[in-house]
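Contents: one structure, followed by commentary.
The figures that follow rest on heavy atoms only: side chains count, while hydrogens, waters and symmetry mates do not.
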Amino acid sequence: MDEIQVPPYFICPISLEMMRDPITVSTGITYDRENIEKWIFSAKNNTCPVTKQSLKGTELTPNVTLRRLIQSWCTLNASHGIERFPTPKPPISKPQIMKLLKEAKSPEMQMKCLKSLRSIASENDANKRCMESAGAAEFLASIISSNPNDEGFGSLTGTKDEALSILYHLKLSEHGLRSLIMGGNGEFIESLTRIMQPGSYESRAYAVMLLKKAFNSFEILSLKQEFFTQVVQVLSDEISQKASKASLQILVNVCQWGRNRVKAAEADAVRVLVNLLLDSTDKRACELMLMLLDQLCQSAEGRAELLKHAAGLAIVSKKILRVSKLASERAIKILHSISKFSATPTVVQEMLNLGVVAKLCLVLQVDCGSKTKDRAREILKLHAKAWRSSPCVPVNLLSTYPF
């Protein structure tokens, strides 16, 4: 059978695939809807891929004539095994979404509305953006934040879980996420904190992953102690890899500001991190754990918790030169904080007995980065009187011991 030639004007200029839903942008060029939406909204481009001209707005006009031509061509070539694709459903409109939300007054109607919203959101990204502009995110947040003892919003079993799942998959814009999280004096954060308490594993995972998205975008200074307690608990319970990494990323982000690192230490974060590091083989997870431990050890509370754990210093030392350059850098920073601010004679001797000193000498001989070497050198100088003459330091490494 001869190869079927597809007319070039039936091909999407971006992907070289056949157009199924041709639309025209402001520059007059026609693309397949799915591909141009990825270009504009997912990749955040504001130019026409072919002409390189700036797009005037993001209005996408259906090219009905071209779509009918493509469908006709498919029909004419049906004998060659080419299927005619159905006419695509038009994107949902903002008034349609608003009408749907307005009708959801009783618990039963809320669940029906949620099922419709899930179906609409699953069709394409354009629908998700339309849902956000129509106020669907605020509607879902109101269900999640509702009091379970009240009749009405969120009172039907499973309603909150469904609303949380839809909200997570809605992929809100940075502006939408900010207004949701920052609005209502932190009420929504408190609602997600309650959901993180032991219950549905799926909902706890969605709650922590939604918060991760939010805290990637802006800083949060005044978080309550209960928030840290629940995030650390999700991390400790190891619900899933995604939930664990989301918990770590949340804590790494929020522990940069204010007294958040002290609150995290008081929530038992150090003990949980050390226990997880003992068994963790995932490179990125180890890096995040050491990054967080480094932040926590910048507080007296964090350092005290690390030293209280029988395996604290040992596991930090063990990860040096075994995971990655980043992990080694963070582990050395942790030891630097301990050596500089919490080095009692007992701690200094423990570091020697655990082989920390030998590891630091080894760091000076390999490619670890100048800052990491400087910190290792400073630690060795700080306690040279106690360590230099010790038989615990291998003879072959004594030549690298800094004066």
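Of the N and O atoms on the side chains of Gln349 and Asn353, at least one donor lies less than 3.5 Å from an acceptor on the other residue. Defined by atom type and a distance below 3.5 Å, a donor-acceptor pair is present between the side-chain atoms of Thr30 and Thr24.
Here Lys263 does not pair with Glu266 in a salt bridge; the nearest charged N to carboxylate O distance is not below 4.0 Å. The pair Arg377-Asp374 counts as a salt bridge, with a side-chain nitrogen and a carboxylate oxygen less than 4.0 angstrom apart. One finds no salt bridge joining Arg20 and Glu34 here, because no Lys/Arg side-chain nitrogen approaches an Asp/Glu carboxylate oxygen to under 4.0 Å. Between Arg204 and Asp237 there is a salt bridge, since a side-chain N of the basic residue sits under 4.0 Å from a carboxylate O of the acidic one. In summary, Glu378 and Arg375 do not engage in a salt bridge, as defined by a charged side-chain N under 4.0 Å from a carboxylate O. A salt bridge links Glu190 to Lys224: one of the charged nitrogens lies within less than 4.0 Å of a carboxylate oxygen. Between Lys245 and Asp282 there is a salt bridge, with a side-chain nitrogen of the basic residue lying less than 4.0 Å from a carboxylate oxygen of the acidic one. Ion pair Glu103/Lys99 flagged as a salt bridge, since at least one NZ, NE, NH1 or NH2 atom sits closer than 4.0 Å to an Asp/Glu carboxylate oxygen. Residues Arg118 and Glu162 are paired through a salt bridge, judged by an N-O separation under 4.0 Å between the basic side chain and the carboxylate.
The two atoms that bring Leu278 and Ala311 nearest to each other are CD2-CB, 4.1 Å, heavy atoms only.
Annotation: cation-pi geometry satisfied between Lys213 and Tyr168 (NZ/CZ under 6.0 angstrom from ring centroid, within 45° of ring axis).
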Trace of the side-chain hydrogen bond (donor to acceptor under 3.5 Å, both in side chains) decision for Ser324 with Glu287: CA-CA 8 Å; Ser324 66; Glu287 288 175 346; 2.6 Å; yes
Intermediate values then yes/no, side-chain hydrogen bond (donor to acceptor under 3.5 Å, both in side chains), Arg303 and Ser342: CA-CA 7 Å; Arg303 294 191 296 273; Ser342 304; 2.9 Å; yes
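Considering CZ of Arg33 and CZ of Arg67, their distance stands at 10.0 Å, rounded to 0.5 Å.
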